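First up is the structure itself, then whatever we jot down about it.
What you see is a predicted model; the values in this text were computed from it and never measured.
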Amino acid sequence: MLLSLQERERLMIYTAAKLATGLAGRVNADLSVTARDAKDKRGDRPVRFLSLVENPAADEATAWVRDRLGSDR
């Protein structure tokens, strides 16, 4: 079965987020530390934390990626 670009994007975002959240509890991750590290690495560039419990499709992130790819994708 072939997946559409939108389905592949959502699957990639979902998979990456599941890996991150699955590991977070095992390594005693603290979101404030994660936010600080992201700020340190990204400077003024945006960082966004999303809840995949509330929105498993990560609509906001998917829309942002699609916007950056352009309307032809």
Side-chain angles (χ1 to χ4, degrees):
M1 176 172 94
L2 296 175
L3 298 175
S4 70
L5 177 60
Q6 184 177 16
E7 290 168 326
R8 289 192 312 252
E9 289 170 346
R10 287 182 180 199
L11 181 60
M12 288 187 306
I13 291 169
Y14 177 76
T15 302
K18 284 296 276 183
L19 287 171
T21 30
L23 291 172
R26 295 175 189 207
V27 296
N28 295 322
D30 178 342
L31 282 182
S32 65
V33 172
T34 303
R36 182 199 67 210
D37 291 348
K39 174 78 174 153
D40 181 53
K41 297 293 182 194
R42 296 191 53 80
D44 290 334
R45 291 176 292 173
V47 174
R48 181 78 171 150
F49 289 96
L50 301 172
S51 170
L52 293 178
V53 171
E54 294 174 15
N55 182 2
D59 294 322
E60 185 178 340
T62 301
W64 185 88
V65 169
R66 290 180 68 77
D67 182 58
R68 296 316 179 274
L69 290 174
S71 60
D72 62 332
R73 304 226 176 208

Might you point out which heavy atoms bring K39 and D44 nearest each other, and give the distance in Å?
NZ-OD1, 3.4 Å
Out of curiosity, T62 OG1 to D67 CG, how far, rounded to the nearest 0.5 Å?
12.5 Å
Counterpart residues, side chain to side chain contact (heavy atoms under 4.5 Å, CB included), relative to R42 (two or more places apart)
R45, P46, V47
From D37 CG over to K41 NZ, what is the distance, rounded to the nearest 0.5 angstrom?
7.5 Å
Under the salt bridge (charged side-chain N to carboxylate O under 4.0 Å, His left out) test, residues paired with D59 that sit two or more places apart:
R10
For D40, give me all partners under salt bridge (charged side-chain N to carboxylate O under 4.0 Å, His left out), at least two apart in sequence or on another chain.
none
